[in-house]
Amino acid sequence: QVQMVESGGGLVQPGGSRRLSCAAYGSIYSINAMGWYRQAPGKARELVAVITSGGSTNYADSVKGRFTISRDNAKRTWYLQMNSLKPEDTAVYYCNADLIGPGWSGDYWGQGTQVTVSS
């Protein structure tokens, strides 16, 4: 019984900042890679950022230097800090994690949160 809840989306002006959060609930033994994806209208879902269980991070070229992924293992929560936002960042953002629990494992997704960057 797993639930992934994300929040933090909304309307932000170009150049502004926003922080997305994703929390995983349930009987979870461990969380492997945690990530953020986004999907803009008419485009495929793309990886934005990922952080591994070892703490290594990777970012899409389009967000390097502007976005930062982080995590709080104790809270089973990870974040996407988005700075210097551009209209091109407008998309539905989804959190993702590879979870391991008692007798199960799998790739789980949040419900998505809309980020709109506009004046």
Side-chain angles (χ1 to χ4, degrees):
Q1 188 167 292
V2 173
Q3 186 176 18
M4 303 250 293
V5 181
E6 61 181 280
S7 61
L11 178 65
V12 60
Q13 293 185 331
S17 297
R18 199 84 178 183
R19 189 175 81 156
L20 307 182
S21 300
C22 185
Y25 299 91
S27 183
I28 300 168
Y29 288 168
S30 64
I31 304 176
N32 293 323
M34 312 170 190
W36 290 94
Y37 289 72
R38 68 185 181 187
Q39 188 165 23
K43 307 193 77 175
R45 188 173 299 185
E46 64 175 349
L47 177 67
V48 176
V50 62
I51 183 166
T52 70
S53 60
S56 178
T57 59
N58 287 288
Y59 299 91
D61 288 341
S62 60
V63 307
K64 285 180 179 177
R66 300 189 297 121
F67 291 11
T68 303
I69 187 170
S70 61
R71 67 186 181 192
D72 185 331
N73 288 336
K75 295 181 178 180
R76 300 179 190 170
T77 302
W78 56 108
Y79 310 92
L80 184 68
Q81 178 66 47
M82 304 182 292
N83 299 326
S84 302
L85 283 162
K86 305 174 181 179
E88 305 91 270
D89 296 317
T90 296
V92 178
Y93 285 72
Y94 299 89
C95 61
N96 171 266
D98 182 17
L99 306 179
I100 300 174
W104 58 264
S105 63
D107 195 38
Y108 289 83
W109 294 86
Q111 80 279 8
T113 185
Q114 176 72 46
V115 175
T116 301
V117 184
S118 176
S119 297

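Side chains included, hydrogens not; waters and symmetry mates left out as well; all remaining heavy atoms used.
- Ala60 and Leu47 make their closest contact through CB-O, 3.4 Å (heavy atoms, listed as atom of the first residue, atom of the second, distance).
- Between Ile28 and Trp104 the shortest side-chain heavy-atom distance falls below 4.5 Å.
- Here Leu20 contributes atom CG and Trp78 contributes atom CH2; the two are 12.5 Å apart, rounded to the nearest 0.5 Å.
- Screening residues 44-57 for side-chain hydrogen bond (donor to acceptor under 3.5 Å, both in side chains) gives Arg38-Glu46 as the qualifying pairs, with residues at least two apart or on separate chains.
- Taking CD of Gln114 as the start and CD of Gln39 as the end, the distance is 11.0 Å to the nearest 0.5 Å.
- Note on Ile31: it clusters hydrophobically with Leu80, by side-chain heavy-atom contacts below 4.5 Å among ILVMFWY residues.
- Among residues at least two apart or in separate chains, side-chain hydrogen bond (donor to acceptor under 3.5 Å, both in side chains) pairs with a member in residues 9-29 are Ser17-Asn83.
- Taken together through direct or relayed side-chain contacts under 4.5 Å among Ile, Leu, Val, Met, Phe, Trp and Tyr, Val2 and Met34 form part of one hydrophobic cluster.
- Leu85 places a side-chain heavy atom less than 4.5 Å from the side chain of Phe67.
- Of all the heavy atoms in Ala24 and Met4, the pair that sits closest is CB-SD, 3.9 Å.
- Shown here for Gly112 and Val92, the closest heavy-atom pair between the two residues is CA-CG1, 3.9 Å.
- Taking each heavy atom of Ile69 and Gly35 in turn, the nearest pair found is CD1-CA, 4.1 Å.
- Proximity of a side-chain donor or acceptor of Asn32 to a complementary backbone N or O of Leu99 within less than 3.5 Å is not detected.
- Legend: residues meeting side-chain hydrogen bond (donor to acceptor under 3.5 Å, both in side chains) with Gln111, ordered by chain and number and at least two apart, are absent.
- For the pair Trp36/Glu6, a side-chain contact is recorded, criterion being any heavy-atom separation below 4.5 Å from C-beta on.
- Scanning for ring pair (Phe, Tyr, Trp, His ring centres under 6.0 Å) contacts around Tyr79 gives an empty result, with sequence neighbours left out.
- Using a 4.5 Å cut-off between side-chain heavy atoms of Ile, Leu, Val, Met, Phe, Trp and Tyr, with links allowed through other members, Tyr94 and Val12 fall into different hydrophobic clusters.
- Residues that satisfy the side-chain hydrogen bond (donor to acceptor under 3.5 Å, both in side chains) test with Lys64, not counting sequence neighbours, are Asp61.
- By the ring pair (Phe, Tyr, Trp, His ring centres under 6.0 Å) test, Tyr37 is found to be paired with Trp109, residues two or more places apart in sequence or in another chain being considered.
- Put simply, OG on Ser62 and CG on Asp89 are 7.0 Å apart, with the number rounded to the nearest 0.5 Å.
- Here the shortest heavy-atom pairing between Thr90 and Ala40 reads O-CB, 3.7 Å.
- What you find for Thr77 and Lys75 is that their closest heavy atoms are OG1-O, 2.8 Å.
- Between Ser7 and Thr113, the closest side-chain pair of non-hydrogen atoms is not below 4.5 Å.
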